[in-house]
There are 2 protein chains.
Amino acid sequence: MQERIEEVKRKLAETGHKLTMQREATMRVLIEHEEAHMTAEDVYMHLKQTCPDIGLATVYRTLELLSEIQIVEKVNFGDGAARFDLRSSDRAHHHHHMICRECGQVEEIHEDWLLAMESRVEREYGFTVIDHRLDFQGICASCRSAAAKAGRAVS
Amino acid sequence: MQERIEEVKRKLAETGHKLTMQREATMRVLIEHEEAHMTAEDVYMHLKQTCPDIGLATVYRTLELLSEIQIVEKVNFGDGAARFDLRSSDRAHHHHHMICRECGQVEEIHEDWLLAMESRVEREYGFTVIDHRLDFQGICASCRSAAAKAGRAVS
DNA sequence: TTTTATGCAAACCCTTTGCATCACA
DNA sequence: TGTGATGCAAAGGGTTTGCATAAAA
């Protein structure tokens, strides 16, 4: 925990930014809810507990900044609100998502299956890949078994 | 062209909807600009030429409807506006995107590289895949060569 | 003739911005 | 102490909705 805050402080300093109370609190919320895929509003709600006076605008500015310095990744599942994931410190590691159409839950796949494809894109299309995103939409295991128990088919 | 309109008419009828002048005009715009990845606003602008009285709300409603009946695919590249792609009639064919961070242009990869991964997701995670999305972000071939000519590195 | 669809405008939601004040470094 | 950060409220952009009217089937 503390070392991650230190890393952020260092990265902020490198880019001419300050580590404020609000930014530190935001990092703590993100770390405590790793993989929660929170929206800015979600983060704000949690922050209100430790930092009651924080403003929503600050949360947006902080998340944007953390995204610029690669601490978090801003992802968009098409439901209208951006979500923010802590990046793993391992730069090469990407992850993929499984988004359930029944319950809306987002699960992660902690593997990067796309390295071969990235080189293929570079080779065949002359496109230099910086990053990628892979999402699967479908029905998650628990919704499927719930549907099976209820004896009905699922969309 | 005409047979695609007929297919839409059939699908609309099946789901209890009508083929209106506005919906037909929207289809024509989509067909004429296949792969343009247009926003609702883009579609609206084009529609104004053949259908000057159409309202933006109708465009949104039409695109949403076409998306529900699988005629178009609503995609979101994270720039704030949803984009709409005509689906290929071949249901099994998905396509992937290469999004250039220099010029913002979206190119397509007309291959589905993910069938093997879909079965792996089903097998290893118990997640029933309905659809998937794969986007690469990076620098497109023309931006890279432009940058090379200008003798500078690109981000 | 009965539904469903339309156009308009207002409402909505998420996000960004202007500005005076505050607090890290 | 000086620059960057904050909070608030207002503005912004994309999208949706209520409602009276119009037009498919």
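Excluded from the calculations below are hydrogen atoms, water molecules and symmetry mates; all remaining heavy atoms, backbone and side chain alike, are included. Letters A, B, ... mirror the listed sequences (proteins, then strands); counts begin at 1.
Atoms OH (B/Tyr44) and P (D/dT15) sit 14 Å apart, rounded to a whole Å. D/dG12 atom P lies 16 Å from atom CD of B/Glu41, rounded to whole Å. In this structure, A/Leu63 places its CG atom 15 Å from P of D/dA5, rounding to the nearest Å. Put simply, NZ on A/Lys48 is 14 Å from P on D/dT6, counting in whole angstrom units. For the pair A/Leu65 CG and D/dG4 P, the interatomic distance rounds to 13 Å; values are reported in whole Å.
Residue whose closest nucleotide on DNA chain D sits further toward the 5' end, between A/Cys51 and B/Arg61: A/Cys51. Of the two residues near DNA chain C, B/Gly16 and A/Thr39, the one whose nearest nucleotide lies more 5' is B/Gly16.
A donor-acceptor contact under 3.5 angstrom links the side chains of B/Asp85 and B/His37, judged on distance only. With hydrogens and angles left out, the side-chain atoms of A/His132 and A/Glu118 include a donor and acceptor closer than 3.5 Å. A donor-acceptor contact closer than 3.5 angstrom links the side chains of A/Thr128 and B/Arg144.
The aromatic ring centroids of B/Phe77 and B/His97 lie less than 6.0 Å from each other.
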Summary of protein contacts for nucleotides 20-25 of chain D, nucleotide by nucleotide, where a base hit scores B, a sugar-phosphate-only hit scores S (4.0 Å, heavy atoms): ---BBS
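Counting non-hydrogen atoms under 4.0 angstrom, B/Arg23 reaches the backbone sugars and phosphates but no base. Counting non-hydrogen atoms under 4.0 angstrom, B/Ala82 reaches the backbone sugars and phosphates but no base. Looking at heavy-atom distances under 4.0 Å, A/Ala57 makes contact with a base.
Along DNA chain C, read 5' to 3', the first and last nucleotides having any atom under 4.0 Å from a heavy atom of chain A are C/dC14 to C/dA25.
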Donor-acceptor pairs under 3.5 Å, side chain of residues 44-60 of chain A to any protein atom, not counting sequence neighbours: which ones?
unit_1: A/Tyr44; atom_1: OH; unit_2: A/Lys48; atom_2: NZ; d: 3.4
unit_1: A/Lys48; atom_1: NZ; unit_2: A/Pro52; atom_2: O; d: 2.8
unit_1: A/Lys48; atom_1: NZ; unit_2: A/Ile54; atom_2: O; d: 3.3
unit_1: A/Thr50; atom_1: OG1; unit_2: A/Leu47; atom_2: O; d: 3.4

side-chain contact (heavy atoms from CB on, under 4.5 Å) between A/Met27 and A/Leu86, worked out: CA-CA 9 Å; A/Met27 274 307 296; A/Leu86 225 33; 4.0 Å; yes
A/Arg10/A/Glu6 under salt bridge (Lys or Arg N to Asp or Glu O under 4.0 Å): CA gap, chis, key distance, verdict: CA-CA 6 Å; A/Arg10 187 178 49 69; A/Glu6 286 305 318; over 6 Å; no
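At distances below 3.5 Å, not a single donor-acceptor pair connects side-chain atoms of B/Arg87 with backbone N or O atoms of B/Ser67.
For A/Ile69 against A/Lys11, the heavy-atom pair with the smallest separation is O-NZ, 3.2 Å.
An OP1 or OP2 oxygen of D/dT15 is reached within less than 4.0 angstrom by a side-chain nitrogen or oxygen of B/Tyr60.
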